[in-house]
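Below: one structure, written as structure tokens.
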Amino acid sequence: MLPVSVSVTADPAFVVGPVRPRTFGSFVEHLGRCVYTGIHDPGHPTADADGFRGDVVDLVRELGVTTVRYPGGNFVSGYRWEDGVGPVDQRPRRLDLAWHSIEPNLVGVDEFMRWCAKAGVEPMMAINLGTRGVEEALALLEYCNAPAGTAWADARKANAAADPYKVTMWCLGNEMDGPWQTGHKTALEYGRLAAETARVMRQLDPGLELVVCGSSSRSMPTFGAWEHTVLTEAYDQVDLVSAHAYYYEEDGDLTSFLASSVDMDRFVDDVAATADAVRAAGKHSKRIHISFDEWNVWYQRRAESRLPSGDDWPVAPVLLEDRYNVADAVVVGNLLISLLRHTDRVHAASLAQLVNVIAPIMTEPGGRAWRQTTFHPFALTARHAAGEVLRLAVHAPQQETERFGEVPVLDAVATHDPETGDVVLFAVNRSLTEPVALDVDLRGFPGLRVVEAVTLANPDHTWSATADDATSVLPRPNTTAAVADGRAAAQLPPVSWSMLRLARV
Ligand code: AHR
């Protein structure tokens, strides 16, 4: 089969912005088995004194996750954070209406902070603006960030930690436009509450970075108008607006699915344009950035995502445990390309979620942990993207998609580290059938050589990892990659994600 020719030009002058470590965040919600039997499993042979699994912490470190959003998600909108502090055996069991489950409160804010320290990640806390409000948000902030000497700070000292946790990133509620959200609100109701909560939170701690809820999806009828109203109310009080996107799934139209990042590109552009319109109308000088704090492939219609019902209120049920295949991993890699390409506006992002629940890491209760296919493009991008993000000039044939119209057959982004001179190219071949013959003009970076080239692909793109076989399909060395006369060349198979690392050697 004749490959499709794609030419790409990279130049050190085409800088979008810095590679931001917070682009590689993730999310731990009290949902299904994410916390219980996911990160927390006291009976597990690798568990520490808090009951946290050491094997999972090792995988989280290998994944390269930087921030972890907690404790929800939909869960947070009915959560009383006070239930999760103090002696574990005295904590109440509560109904969790969001996921029709029982929350045993064995893990709360103090345990989570210790887990973050162990995993080497920055906590990103979400507050409940569904059933609760300003007072409870202030109490939690005092508990986390105030020095000892007042009631909640002293409670933290007595329970767990003399020193404040100094949590910088806070989400002002979760998906507050969603009718499924406990205590959901109109844009005006929420915008006023978020603005006032943010204002007083800053009185307690001026150094906070605050994320206001954008619309819960680009497909919501409220999308756009919601962001406009909320930001009109809260512009001066917040730093970022959230974006959530999950409607990426292979529903029989693989060609459209492989172009999912086109939707993410448009999503970011739409939110940025709306925020800038509010900026212009309000004569504000600062810019609002985007926290893409829930994104992933999610097969919402599958049985795995059906909630318990009736009198069935389980603790940590199997929920949203999608098994990801090779095509899913290619799309996840491509969504990361999109997030990097928008590093000027996307200042934080969270792959939702981290363990068991639509996650790159899976566990057996008390048993094995393994990497899903989606683990690999995330880990490699988080480890090797460095320095500045470069916009590339890509000349690629277009392919027709049902959902997004014509899209280029190849999508790519590159990073350049001005200190080392290293260039890393991330690329996706979206064709179902044709290999791509990639030609990259690197004349702006003299002396580069290939130090590593890997490709994730498989003749059967439906292959998924299991506990018994998580390694048959991995990113493999791409032996076709080479540099000659200032040009890099590589063959990229159909339905593939690749990384090409170039350095002066
Ligand atoms: O990540 C799963 C759920 O998806 C989250 O709880 C919610 O915020 C979103 O709708």
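Count residues from 1 along the sequence.
A donor-acceptor contact closer than 3.5 angstrom links the side chains of R430 and S261. Between the side chains of Q399 and T255, no donor-acceptor pair of N or O atoms lies under 3.5 Å. Side-chain contact, S496 with N429: no donor N or O sits under 3.5 Å from an acceptor N or O. Side-chain N/O atoms of H244 and D293 include a donor and acceptor closer than 3.5 Å. Inspection of the D328 and Y248 side chains reveals no N or O donor paired with an N or O acceptor under 3.5 Å. A donor-acceptor contact closer than 3.5 angstrom is absent between the side chains of S101 and D96.
Between the CG atom in L425 and the CE atom in M499 there is a gap of 10.5 Å [rounded to 0.5 Å]. Between the OG atom of S305 and the CH2 atom of W298 there is a distance of 5.5 Å, given to the nearest 0.5 Å. L140 CG to Y79 OH: the interatomic distance, rounded to the nearest 0.5 Å, is 8.5 Å. One finds the NE2 atom of H40 at 13.0 Å from the SG atom of C34 (value rounded to the nearest 0.5 Å). The CG atom of D83 sits 5.0 Å away from the CG atom of N105 when rounded to the nearest 0.5 Å.
Ring pair W226/Y190: centre-to-centre distance below 6.0 Å. Aromatic pair H100/W313: centroids less than 6.0 angstrom apart.
Using a 30° and 60° split on the angle between ring planes, F378 and W295 fall in the parallel class, below 30°.
For the pair R391 and F14, the cation-pi criterion (under 6.0 Å, within 45° of the ring axis) is not fulfilled.
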Show, in sequence, the C-alpha distance, side-chain angles and deciding distance for R341 and D411, and conclude whether the side chain to side chain contact (heavy atoms under 4.5 Å, CB included) test is met.
CA-CA 11 Å; R341 182 167 37 236; D411 195 18; 2.8 Å; yes
Run the numbers on W115 and V121 for side chain to side chain contact (heavy atoms under 4.5 Å, CB included), then give the verdict.
CA-CA 9 Å; W115 181 83; V121 300; 4.0 Å; yes
Evaluate the salt bridge (charged side-chain N to carboxylate O under 4.0 Å, His left out) criterion for residues R302 and E249: first the C-alpha distance (whole Å), next the side-chain angles of each, then the deciding distance (0.1 Å), finally the verdict.
CA-CA 11 Å; R302 287 190 186 160; E249 59 178 313; over 6 Å; no
Side chain to side chain contact (heavy atoms under 4.5 Å, CB included) between L340 and F24, intermediate numbers included:
CA-CA 10 Å; L340 281 173; F24 305 105; 4.1 Å; yes
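Between D344 and R287, no side-chain nitrogen of the basic residue sits less than 4.0 Å from a carboxylate oxygen of the acidic one, so the salt-bridge criterion is not met. The pair E233-K185 fails the salt-bridge criterion, with no side-chain N (NZ, NE, NH1 or NH2) lying under 4.0 Å from an Asp/Glu carboxylate O. Using a 4.0 Å cut-off between charged side-chain N and carboxylate O, R323 and E304 make no salt bridge. Salt bridge status for D50 with K118: absent, with no side-chain N to carboxylate O gap under 4.0 Å. Under a 4.0 Å N-O distance rule, the pair R202/D236 does not qualify as a salt bridge.
In terms of heavy-atom proximity, H30 sits nearest to W99 at O-CD1, 3.8 Å. The nearest pair of heavy atoms linking A275 to Y235 is O-CE1, 3.7 Å.
No donor-acceptor distance shorter than 3.5 angstrom exists from the side chain of D417 to the backbone of A386, with no hydrogens or angles considered.
Tested against H342, the residues V413, D269, V389 include a single side-chain contact (heavy atoms from CB on, under 4.5 Å) partner, D269.
Within 6.0 Å of CD in Q398 there are more than 12 heavy atoms belonging to other residues, nucleotides or ligands. Sparse packing is recorded around CZ of R192, with 12 or fewer heavy atoms of other residues, nucleotides or ligands lying under 6.0 Å away. Residue K157 places its NZ atom among 12 or fewer non-hydrogen atoms of other residues, nucleotides or ligands, all under 6.0 Å distant.
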